[in-house]
Chemist: 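Before I ask anything, here is the structure I am working with.
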Amino acid sequence: MYICPVCKDKLNRIDNSWRCPKGHSFDIARKGYVNLLTTAKHNPKTAGDNADMVKARTEFLDKGYYSPLAEKIRGVAEENLADTKSPVIIDSGCGEGFYTAELAQIENAGIYGIDISKHAVAHCMTRVHLAGIKNCNFAVASSFELPFADNCADAVVSVFAPVCNDEYARVLKKQGKLIVVSPSPRHLFELKAAVYDNPYENKPNVYGLDKFGESPEEIVFEYKAKLTSQADIHSLFMMTPYCYKTSEEGMARLRALDSIEVTCGFVIQVYSKK
Ligand SMILES: C[S@@+](CC[C@H](N)C(=O)[O-])C[C@H]1O[C@@H](n2cnc3c(N)ncnc32)[C@H](O)[C@@H]1O
Ligand SMILES: [Zn+2]
């Protein structure tokens, strides 16, 4: 399944490392993941979400506000993999493993999560250890240079993460499924209305996935969630891209909120490899 990030040959597990026939070797960290991010292109210390961002996301997700989404994604994957006996599923940009752990419940599935953030991947290992999940493997790697062999996966899942047409097409088997999850236009609209004078709806994401069938199946999944603490509202806001571009006045309005009902809105697109 794993390939060498340097020469692209197959990696074999030998004791506590993954090695290719040419002798490139990648140690398995104490927590159980492997770092396959080449330092030539990325600084593994700083790539992707930092430790604070991972912690904030974990704290929010563990409250369960997005559990209906996790269950929905698993259901969509299960439906699309109904004819596959032991599906291999890649969670690309898996973050701290919230959706990955849910995907692991699919019968006989082998799950491979990758994220460019070492902090996120380390947390994935903690999550699966605590939950006693055995069928998940994690690596630090980029979605734009996946450490997986050609045609090895039955499905790639990408939840609020960067999407790579070429790499997803390369690693998927023929007719393999690509499940892309993004915010719907109404996602968190009420939160934006509380903070901004002129809130706007999210624009649909355009991915240019020309290696996949023209029109994906598209599911809009929306529900309301009531946030009843300042801390949860703050954590949710800090998970959004708005946290970077909000004025001090907007942040003061956010801090004044101690409860709010928001629309959690998502678009789940299912593509098939041509
Ligand atoms: C918004 S988070 C979503 C994480 C997770 N899928 C979730 O929904 O909880 C985006 C994730 O993409 C990761 N990321 C950013 N650039 C990446 C890349 N080139 N390859 C892989 N992951 C990347 C970040 O480290 C972060 O964990
Ligand atoms: Zn190699």
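What you are looking at is a predicted structure, and each value in this text was computed from that prediction instead of being measured. Both counts, for ligands and for their atoms, begin at 1 and track the order of listing.
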Chemist: Looking at K211 and D166, is any side-chain nitrogen of the basic one under 4.0 Å from a carboxylate oxygen of the acidic one?
Modeler: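 Counted as a salt bridge, because a side-chain N and a carboxylate O are separated by less than 4.0 Å.
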Chemist: Would A141 count as a contact residue for ligand 1, given that I'm defining contact as a non-hydrogen atom of the residue lying under 4.0 Å from a ligand atom?
Modeler: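 Distance cut 4.0 Å: A141 passes for ligand 1.
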Chemist: So, is E96 polar-close to ligand 1, with some N/O to N/O distance under 3.5 Å?
Modeler: no
Chemist: Is there a polar contact, in the sense of an N or O pair closer than 3.5 Å, between D91 and ligand 1?
Modeler: no
Chemist: Only heavy atoms of G93, strictly under 4.0 Å: list the atoms of ligand 1 that pass.
Modeler: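 Under 4.0 Å from G93, ligand 1 has these atoms: 4 (C), 5 (C), 6 (N), 22 (N).
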Chemist: Without hydrogens or angle criteria, can the side chains of S143 and S92 be said to hold a donor-acceptor pair below 3.5 Å?
Modeler: yes
Chemist: I'd like to know if the side chain of T263 pairs up with that of E222 as donor and acceptor (distance under 3.5 Å, no hydrogens or angles considered).
Modeler: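 The criterion, which ignores hydrogens and geometry beyond distance, is not satisfied for E222 and T263.
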Chemist: One residue to check: R57. Relative to ligand 1, which of side chain, backbone, both or neither has a non-hydrogen atom less than 4.0 Å away?
Modeler: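 It is the side chain that touches ligand 1; the backbone stays farther off.
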Chemist: Strictly by modelled atom types, are D27 and N16 linked by a side-chain donor-acceptor pair under 3.5 Å?
Modeler: no
Chemist: Please give the atom name: the N, O or S atom of H24 nearest to the Zn ion (ligand 2).
Modeler: ND1
Chemist: If the contact criterion is a heavy-atom separation under 4.0 Å, does F98 count as touching ligand 1?
Modeler: no
Chemist: Can you tell me if Y65 and D232 form a side-chain donor-acceptor pair at under 3.5 Å?
Modeler: yes
Chemist: For ligand 1, which atoms, with element, lie under 4.0 Å from some heavy atom of C94?
Modeler: 5 (C), 6 (N)
Chemist: So if I count the atoms of ligand 1 from 1 in the order they appear, which ones are less than 4.0 Å from some heavy atom of Y99?
Modeler: 7 (C), 8 (O), 9 (O)
Chemist: Which ligand 1 atoms does S117 reach within 4.0 Å, using its non-hydrogen atoms?
Modeler: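 With S117 as reference, the close atoms of ligand 1 come out as 25 (O).
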Chemist: Can you spot which of K173, R170, K273 makes a side-chain hydrogen bond (donor to acceptor under 3.5 Å, both in side chains) with N151?
Modeler: K273
Chemist: Where the closest heavy atom to atom 18 (C) of ligand 1 is concerned, which of I114, I116, L37, T58 has it?
Modeler: I116
Chemist: To the nearest 0.5 angstrom, please state how far the OG atom of S184 sits from the CG atom of N205.
Modeler: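 Nearest 0.5 Å value for the OG-CG distance: 11.0 Å.
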Chemist: State, without any angle test, whether N108 and S86 hold a side-chain donor-acceptor pair at a distance under 3.5 Å.
Modeler: no
Chemist: Should you measure from each heavy atom of F144, which atoms of ligand 1 turn up under 4.0 Å away?
Modeler: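 By the 4.0 Å cutoff, the relevant atoms are 19 (N).
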Chemist: Angle at the Zn ion (ligand 2), SG of C4 to SG of C20, rounded to 10 degrees, please.
Modeler: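 Centred on the Zn ion (ligand 2), the SG/SG angle is 120° (to 10°).
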Chemist: Below 30° counts as parallel, above 60° as perpendicular, anything between as tilted: where do the rings of Y112 and Y2 land?
Modeler: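 Y112 vs Y2 ring planes: perpendicular.
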Chemist: Any N or O of F160 that comes nearer than 3.5 Å to an N or O of ligand 1?
Modeler: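 Such a contact does not occur with ligand 1.
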Chemist: For the residue pair K192 and Y200, would you count it as a cation-pi contact if the rule is NZ or CZ under 6.0 angstrom from the ring centre and within 45 degrees of the ring axis?
Modeler: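 Satisfied, under 6.0 Å and within 45°.
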Chemist: Would you indicate which of G97, P162, G95 comes nearest to atom 12 (O) of ligand 1 when only heavy atoms are counted?
Modeler: P162
